[in-house]
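Take a look at the structure below.
Given the structure is predicted, the values throughout are model-derived calculations rather than measurements. What you see below is based on every heavy atom in this structure, not just the backbone, and it leaves out hydrogens, waters and symmetry mates. Letters A, B, ... are given to chains in the order of the sequence lines, protein chains preceding strands, and every chain is numbered from 1.
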Amino acid sequence: MLEKSYQPSDIEGKIYDIWEKDNAFASGQKLDADPYTIVIPPPNVTGSLHMGHALNNTLQDILIRFERMRGKDTLWQPGMDHAGIATQMLVERQLEAKNINRRDIGREKFIEHIWQWKEQSGGIIFNQLRRLGASCDWQRERFTMDDGCSRAVLKAFVQLHKEGLIYRDKRLVNWDPKLQTAISDLEVEPKEIKSHMWHFRYPIEGFEDKFLVVATTRPETILGDTAVAVNPDDERYKDLIGKYCILPIVGRRIKIVGDEYADPEQGTGAVKITPAHDFNDFEVGKRHNLEMINILTKTAHIIESDEIPKKYWGMERFTARKAMVDDIKSLGLLDKIEDHTHAQPYGDRSGVVIEPYLTDQWYVDAKTMAKPAIESVEQGRTKFVPENWSKTYYEWMRNIQPWCVSRQLWWGHQIPAWYGDDGTVFVELNENDAHAAAKLHYGKDVELRRDQDVLDTWFSSALWPFSTMGWPDNTNELVKHYQTDVIVTAFDIIFFWVARMMMDGLHFMDEVPFDTVYVHALVRDEHGAKMSKSKGNVINPLELVDKYGADALRFTLTSIAAPGRDIKLAASRVEGYRNFMTKIWNAARFCEMNECVIIDGYDPENNQQQLNRWIVSETVKCQNNINTALASYRFNDAASAVYKFVWGIFCDLYLELSKPLFFVEDDKAVAETRATTAWVFQNILRLMHPITPYITEELWHQMGYSKDIDNKNSNDISLLITSDWPQLPDNMIDNAAIHEIEWAIGFITAIRSVKSEMNIPVATKIPVILQEVSKKNKLWLDRNQITLCRLARIDNFNFDIAPPKGAIQIIYDDLTIAIPLADIIDLAMEKYRLEKAIKKSENTIFGLDKKLSNQGFLAKAPADVITENKQRLLDENTSCDKIKSALAKIIDAM
RNA sequence: GGGCCGGUAGCUCAGGCGGGAGAGCGCUGCAUUGACAUUGCAGAGGUCGGAGGUUCGAUCCCUCUCCGGCCCACCA
């Protein structure tokens, strides 16, 4: 006997253990089956489960469970990302708490500490994913820094270098002075800040009192100015081109150059040029062959250099800014200061202001690699769902910049590059190969020094769809599971990850890494704000799991996963779906109490009862709806299809409508109804399993479906997770039964509605008089009489007798239903009710009339639409007339 | 500056092909001795942001506009 109510916490852990013990998640068990493959977006090793993960992994799990049941050889490849900067920062902070500085203990020891940390506390997110019910193939768990992935990274780097697609270059990078590393464009976050625009007067050489006024938001960079640019077409300054300014404070002679970059409309029209500290100025500098003077140390202090007055040496950048303004002011060269709001770049990890900084770094020629990646989306080889995200993808890919992949960190894949004394670089898979290459180059054995930098974490993530399957070896897994079917992700990592997997997948595997990119929304709080710790509006998915169960959370996330929008999550919604789980549990108890068990040899197509034929039809329709929804990644449609069917149709209608059948003395009907109920319920468990795996698996066993259904000849327990998805054919849909039962439901509703409206107590059993009963209605009345009587609380049916004066009259379909309760009916109220109905009906008639008297409509609308509207008008007129005559009778009785 | 998305019931949101406006929550009334109050039954509630256009017909397509959000670029 089932417990009185469903307690998720009692069963979820148990069920998950059963799945794992049974190896239910493992791929490669159905060798002949078609593959279905998803690689997980590898969470950071430092990560813990947030709502975004919960959504992302619920959707993947739904697809995997769906396809697993449909017989595919499913691989959901799990794994973690080493998360270079995040992890290094975390362990560094932990060591600092113990007064250990990473530079004191050195690189090797520090990395050892990180590995230790990973073993102890890394990857807690995987246990959290287990609680959510994720059916990843855990035996294949990978890590971007494990041996296999590391080998892939080396191979990829070396190959790209040999192909000229990775190169070393000295140019400006985004420099993070706190972390003291370069970062990519994507790791920079612009923030609006309130600052000032300082206007300075630069004296012009050869004139006593002539100045060129330049404006800047960064006065400290004056130390690195090597030119002033004006637009060659700017009448004000045209004549000055080729002349020189004397840089205030510094005293350096700097050239006035003509360059289109200077916009006459902006600022003063004259721009100071600091090639080593501004991306635009860098380009100007290259065009005019200007000197590039670096003024900053790696920690963003003023460098000690002969080019710079001693007084500024060692000053912190913002201190230097202030000093520079003060000093120029005291020279009388400060023209004015304006308030100015502008965006400043900040490091997304460190939170400090990023400096454009001139260094040697490794770059990937993203422009070249992007070409095939763009083309394959244009050709539809990879599809974005929703489609419009492809625009975002194109936008970025078509304007892609060289990707700086070197990082001045310790945690990560060290770059496989070795340098000779003269700086010649040898990029090889290992040190031996590098020495061999060096020997070839120098003609002798030489000392080599390995590049100290590591690669951007995303460099290894970009290889994920094939590095996890054994690449560069041509493994069976790789052959079978690449390309993968779908990547499921939020839009914020289309650039970071999806785009780069596309580039690398096409380059190394010569095939797109996934058929589909499914982009889901970001989860926000119930007011639409981003969840963040500082705002305190973070909802922890595990707390919801504790409180309502994993299935309720999963159902919630599924039901709000409409494509292409932000998702606002309110806990109340989870509560609602917890109630849904309870409902299913109770439906199971109903089945149990009424001995609804699976009957061997039961064939739903042989059902005699229309009600049973109807619920079978609805089951097929539900199955079809879910199939269609999941095939097009419309998760919310799948959720709503199953919700409406299970709660609205099966529980509220079928179980109620069928109850009376248990009381007839027709053993055959009872048996059929029991068998049908069990059959439907079993299919419900199958249909719901991808979304709500725990409760369905539990009930599958409790209801005894695990023993004799899939595996009749064995005593082995068969699990729902590995059972078959329903394959109910459309010819099981019986439209005649659907019409009849829907008519019966409408009949019941019509009577209940009137009783409620007329304040007739629900329990009052009423007699009804039916007039103008058509043959069809008579048949349906007869066949469903017991059910109708019970659910509409009808005492008895009387046909074709005149109803007494003052009876309530209901127009339903072709019928006029009279309820002769004149003594307890408030005639005025009934009059009002009928008048209201007439008004409503007349409104409808008016609308239809107008439409049907429109010549244009008759001439141009499709025939079926015209026919339909004509029929509606006819029906409405008939029913309106009937209500009117009913009203006449009431007035007569008053 | 370039691009994307949204505005539908009190709230949060669905509305594949243009043809009778939907759900959940909330609200109102009624119901409680056998699946379920984590419930059932019955209801109220909409100028589909605004204007114009296309069309026989527009929540849906087009243009403009107002409001909100996001992404990219922008450090004079």
From the list B:C74, B:G43, B:G16, which nucleotide is the closest neighbour of the side chain of A:Pro190?
B:C74
Base, sugar-phosphate, or nothing for A:Ile354, non-hydrogen atoms under 4.0 angstrom?
base
Spacing of the P atoms in B:G29 and B:G16 (rounded, Å):
36 Å
C1' atom, B:G49 versus B:C41: distance in rounded Å?
37 Å
C1'-based separation of B:U47 from B:A9 [nearest Å]
13 Å
Nearest listed nucleotide, side chain of A:Asn586, among B:C36, B:C56, B:G40
B:C36
Rounding to 0.5 Å, atoms CG (A:Leu333) and CZ (A:Phe211) come to a distance of 6.0 Å
Answer yes when A:Lys336 and A:Glu338 have at least one side-chain N-carboxylate O distance shorter than 4.0 Å, and no when they do not.
yes
With heavy atoms under 4.0 Å as the rule, sort A:Lys272 into base, sugar-phosphate or nothing.
nothing
If you round to the nearest 0.5 Å, how far is OG1 of A:Thr582 from OH of A:Tyr577?
14.0 Å
For A:Leu186 and for A:Gly576, locate the closest nucleotide of RNA chain B by heavy-atom distance; then report the residue assigned to the nucleotide nearer the 5' terminus.
A:Gly576
Pick base, sugar-phosphate or nothing for A:Ala587, based on heavy-atom distances below 4.0 Å to the nucleic acid.
base
In whole angstrom, give the distance that lies between atom CZ of A:Phe279 and atom P of B:C75.
9 Å
Does A:Glu656 get its side chain close enough to the base of B:A35, under 3.5 Å, for a donor-acceptor pair?
yes
Which is it for A:Ser559 and A:Asn636 under the side chain to side chain donor-acceptor pair (under 3.5 Å) test, yes or no, and what are the steps along the way?
CA-CA 4 Å; A:Ser559 68; A:Asn636 59 320; over 6 Å; no
Taking atom P in both B:A37 and B:G43, compute the distance separating them and give it to the nearest angstrom.
24 Å
Could you check whether A:Ser841 and A:Glu876, counting side-chain N and O atoms only, form a donor-acceptor pair closer than 3.5 Å?
yes
Just the rounded figure in Å: distance from P of B:C41 to CG of A:Leu653.
8 Å
Mutual orientation of the aromatic rings belonging to A:Trp647 and A:Phe580 [parallel < 30°, tilted 30-60°, perpendicular > 60°]
parallel
Could you summarise the pairing of RNA chain B as dot-bracket text, marking Watson-Crick and G-U pairs under 3.5 Å with ( ) or [ ] inside the strand and | across strands?
(((((((..((((.....[..)))).(((((.......))))).....(((((..]....))))))))))))....
Nearest-Å distance for atom pair CZ/C1', residues A:Phe318 and B:C75:
11 Å
I'd like to check A:Arg578 versus A:Val574 (side-chain heavy atoms, cut-off strictly below 4.5 Å). Are they in contact?
no
Could you work out which one of B:C41, B:C75, B:C56 sits closest to the side chain of A:Ala861?
B:C56
May I ask you to say what A:His277 touches in the nucleic acid, namely base, sugar-phosphate or nothing, with a heavy-atom cut-off under 4.0 Å?
nothing
Among B:G20, B:G15, B:U38, which nucleotide sits nearest the side chain of A:Arg634?
B:G15
Just N and O in the side chain of A:Lys4: are any of them under 4.0 Å from OP1 or OP2 of B:C36?
yes
Can any side-chain N or O of A:Arg554 pair as donor or acceptor with the backbone N or O of A:Thr692 at less than 3.5 Å?
no
N or O in side chain of A:Lys659 less than 4.0 angstrom from B:A35 OP1/OP2:
yes
Give the ring-plane orientation class for A:Phe495 versus A:Trp396, where under 30° counts as parallel, over 60° as perpendicular and anything between as tilted.
parallel
Please tell me if A:Thr749 has a side-chain N or O lying less than 4.0 Å from either OP1 or OP2 of B:C41.
no
Picking from B:G19, B:A35, B:A14, the nucleotide nearest the side-chain atoms of A:Phe590 would be B:A35
Please tell me if A:Trp647 has a side-chain N or O lying less than 4.0 Å from either OP1 or OP2 of B:G40.
yes
With no hydrogens and no angle check, do the side chains of A:Thr274 and A:Lys272 hold a donor and an acceptor under 3.5 Å apart?
yes
Give the B/S/- string for nucleotides 26-33 of chain B, one per nucleotide from 5' to 3', where a protein heavy atom under 4.0 Å of the base yields B, of only the sugar-phosphate yields S, and otherwise -.
----S---
Side chain of A:Tyr261 (C-beta onward), nearest among B:A35, B:C75, B:U38
B:C75
Distance-only donor-acceptor test, A:Arg872 side-chain atoms vs B:G20 base atoms, 3.5 Å
yes
Closest listed nucleotide, where the reference is the side chain of A:Asn280 and the choices are B:A14, B:C71, B:C74:
B:C74
Using modelled atom types only, decide if a donor and an acceptor are shared between the side chain of A:Glu592 and the backbone of A:Leu2 within a distance under 3.5 Å.
yes
Side-chain donor/acceptor of A:Lys391 to base of B:C4, under 3.5 Å:
no
So A:Arg752, base contact, sugar-phosphate only, or nothing? Heavy-atom distance under 4.0 Å.
sugar-phosphate
Can you figure out which of B:C74, B:C75, B:G16 approaches the side chain of A:Thr628 most closely?
B:G16
